[in-house]
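Each chain gets a letter, A, B and so on, in the order the sequences are listed, and its residues count up from 1. All values derive from a computational prediction rather than experimental measurement.
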Protein chains: 2
Amino acid sequence: MPRTDMIDIKEAQEVFIDCLKSRGLRYTSQREAILETFLSSMKHLTVEELYALVKEKNMDIGYATVARNMKFLVECGIADEIKVGNKRTRFERHYGRQHHDHLICLKCGAFIEVHDSNIEMLQNKLAEANDFVPQRHKLEIYGICRECR
Amino acid sequence: MPRTDMIDIKEAQEVFIDCLKSRGLRYTSQREAILETFLSSMKHLTVEELYALVKEKNMDIGYATVARNMKFLVECGIADEIKVGNKRTRFERHYGRQHHDHLICLKCGAFIEVHDSNIEMLQNKLAEANDFVPQRHKLEIYGICRECR
DNA sequence: GGTGATATTGATAATGGTTATCATTATTGT
DNA sequence: ACAATAATGATAACCATTATCAATATCACC
């Protein structure tokens with residue numbers, strides 16, 4: 001595990017603890033395990049996958065606990081939900097990362113993360129032109145990735 | 001009902017019939033009722049809402065039939081699915097319309113249709129820069145609409 | 001028009017993912 | 001230590017969508 005990730009995990013931990021405290025909630029061993037497992041993985045995990053990973057660490061935990069707490073991680077700004085179709089929701093790291101969009105391969109399902117500040121700017125202009133106050137957005141481009149051609 | 005819509009319905013009907021035929025499927029009275037009701041509505045309907053509308057016309061129809069055939073309408077290029085969160089899928093007209101994106105109000109749930117060809121162009125460039133062949137995309141901007149401020 | 005093959009329908013069951021329930025356990029502040 | 005409160009985890013409930021299947025309708029062909 002590279003050093004930068006270690007640091008990020010500690011930072012994120014503090015953010016999570018503060019966020020929980022501000023809502024009168026506690027930082028439990030389960031929450032710690034979920035947070036660490038989630039941040040250590042570089043993948044876009046589902047609750048099911050994360051649940052399995054936490055269990056692998058000899059941690060006795062319930063599915064509901066993982067599902068519930070992933071919601072908290074989202075609310076605390078540490079994770080983001082990725083919903084595609086009717087499939088299981090996946091989560092990606094949000095804390096410490098800049099906003100990005102996704103290229104989604106229709107063959108292999110790969111998520112390629114991209115960013116274009118010009119597009120972001122034009123999106124804001126587009127919203128303004130419609131008297132609309134933008135808060136967040138989702139851009140997904142579906143197609144075929146390099147490997148699948 | 002304005003004249004242009006009447007014409008559009010007939011055109012769409014032909015497209016639908018051709019699409020069905022090419023797949024060895026039939027154009028039934030239920031399919032006709034669903035198509036007409038769908039195209040006559042200017043709203044983004046759910047299967048449930050469409051089902052209710054068709055029934056209002058003294059048409060005896062089942063929920064499953066509506067759901068099934070909305071899928072066909074999508075496959076035939078007449079309708080588009082709009083999925084937001086875990087809510088019911090909504091459908092909008094696709095045939096005869098140019099592609100557009102949505103501003104979605106977080107308060108009232110309104111869908112405002114917008115289009116920006118510059119954004120589209122940049123999206124294609126972005127995909128190309130990643131050796132990705134784009135097929136379609138989805139851009140949703142969430143925020144607060146004019147009426148809700 | 002009749003006939004056999006095939007598609008459609010619609011009531012309902014099954015599915016799949018997410019969320020709610022609730023008794024039990026753990027943690028906190030005093 | 002105690003009372004108050006939150007967390008957990010097994011499971012049920014929920015909700016939208018999709019599958020099933022017997023009954024019905026439609027088609028192509030004779």
Side-chain angles (χ1 to χ4, degrees), chain A residues 16-38 44-76 79-91 109, chain B residues 16-38 44-76 79-91 109:
Chain A
F16 192 29
I17 292 171
D18 286 350
C19 175
L20 288 170
K21 265 191 187 156
S22 73
R23 301 167 62 166
L25 305 179
R26 296 158 184 167
Y27 189 61
T28 63
S29 61
Q30 287 91 339
R31 284 180 176 151
E32 185 171 53
I34 291 167
L35 179 67
E36 285 183 357
T37 309
F38 171 64
H44 296 109
L45 300 172
T46 62
V47 169
E48 196 178 40
E49 289 163 353
L50 195 48
Y51 167 68
L53 284 175
V54 175
K55 280 218 139 181
E56 270 180 21
K57 297 187 180 176
N58 290 330
M59 180 78 187
D60 203 17
I61 200 167
Y63 182 92
T65 302
V66 178
R68 240 188 323 247
N69 284 304
M70 285 315 295
K71 284 221 159 293
F72 285 132
L73 285 184
V74 171
E75 289 170 17
C76 292
D80 265 334
E81 287 184 336
I82 311 176
K83 292 184 180 184
V84 178
N86 298 326
K87 297 199 174 79
R88 280 178 192 271
T89 300
R90 292 186 174 275
F91 296 88
Chain B
F16 192 28
I17 292 172
D18 285 351
C19 174
L20 288 170
K21 265 192 188 156
S22 75
R23 301 167 61 165
L25 305 178
R26 296 160 185 166
Y27 189 61
T28 63
S29 61
Q30 287 91 339
R31 286 182 175 149
E32 184 170 54
I34 292 167
L35 179 66
E36 286 183 357
T37 308
F38 170 65
H44 296 109
L45 300 171
T46 62
V47 168
E48 197 178 37
E49 289 163 353
L50 195 49
Y51 167 68
L53 284 176
V54 174
K55 280 217 140 183
E56 272 180 19
K57 296 187 180 176
N58 290 328
M59 180 77 187
D60 203 16
I61 202 168
Y63 182 91
T65 303
V66 178
R68 239 188 324 243
N69 285 304
M70 285 315 294
K71 284 221 160 292
F72 285 132
L73 286 183
V74 170
E75 289 170 17
C76 292
D80 266 334
E81 286 184 337
I82 311 176
K83 291 183 179 184
V84 178
N86 298 326
K87 297 199 175 80
R88 280 177 193 272
T89 300
R90 291 186 175 275
F91 295 88

I'd like to check A/Arg90 versus A/Glu49 (side-chain heavy atoms, cut-off strictly below 4.5 Å). Are they in contact? yes
Side chain of A/Ala64 only, heavy atoms from C-beta on: which candidate in C/dA20, D/dT18, C/dT9 is closest? C/dA20
Residue pair A/Thr65 / A/Asn69: nearest heavy atoms and the distance that separates them: O-ND2, 2.8 Å
When rounded to whole Å, the NZ to C1' distance for the pair B/Lys87 and D/dC14 reads 16 Å
Rounded distance in Å - CD1 (B/Ile17) to P (C/dT8): 14 Å
Side-chain N,O (B/Lys71) to OP1/OP2 (D/dT18) below 4.0 Å: yes
Whole-Å gap separating C1' (C/dA7) and NZ (B/Lys21): 15 Å
Rounded off to whole Å, could you give me the CG-to-C1' distance for the B/Leu20 and C/dT8 pair? 12 Å
Between P of C/dT27 and OH of A/Tyr27, the distance in whole Å: 14 Å
N or O in side chain of B/Thr28 less than 4.0 angstrom from C/dA7 OP1/OP2: no
OP1 or OP2 of D/dA16 versus the side-chain N and O atoms of B/Asn86: is any pair under 4.0 Å? no
Nearest to the side chain of B/Thr89, heavy atoms from C-beta on, is which of D/dT17, D/dT18, D/dA6? D/dT17
C/dT6 base / B/Arg26 side chain donor-acceptor hit below 3.5 Å: yes
Measure the distance from OH on A/Tyr51 to P on C/dG17 and round it to the nearest whole Å. 15 Å
What nucleotide, of C/dT9, D/dT8, C/dT19, holds the atom closest to the side chain of A/Arg68? D/dT8
Just to confirm, is there a sub-4.0 Å distance from OP1 or OP2 of D/dA7 to any side-chain nitrogen or oxygen of A/Asn69? no
Between B/Glu36 and B/Lys57, is the closest basic N to carboxylate O distance under 4.0 Å? no
Between B/Arg90 and B/Ser29, which residue's closest nucleotide on DNA chain D lies nearer the 5′ terminus? B/Arg90
Separation of A/Gln30 atom CD from D/dG9 atom P, in whole Å? 4 Å
A/Glu48 atom CD is separated from C/dG17 atom C1', nearest whole Å, by 10 Å
Along DNA chain C (nearest heavy atom to each residue), the more 5'-positioned of B/Val66 and B/Gly24: B/Gly24
Could you grab the distance from atom CG of B/Leu53 to atom CE of B/Met59, nearest 0.5 Å is fine? 13.5 Å
List the steps and the verdict of side-chain contact (heavy atoms from CB on, under 4.5 Å) for B/Leu25 and B/Arg31. CA-CA 11 Å; B/Leu25 305 178; B/Arg31 286 182 175 149; 4.2 Å; yes
Is the phosphate of C/dT9 approached by B/Arg31 (side-chain N or O, under 4.0 Å from OP1 or OP2)? yes
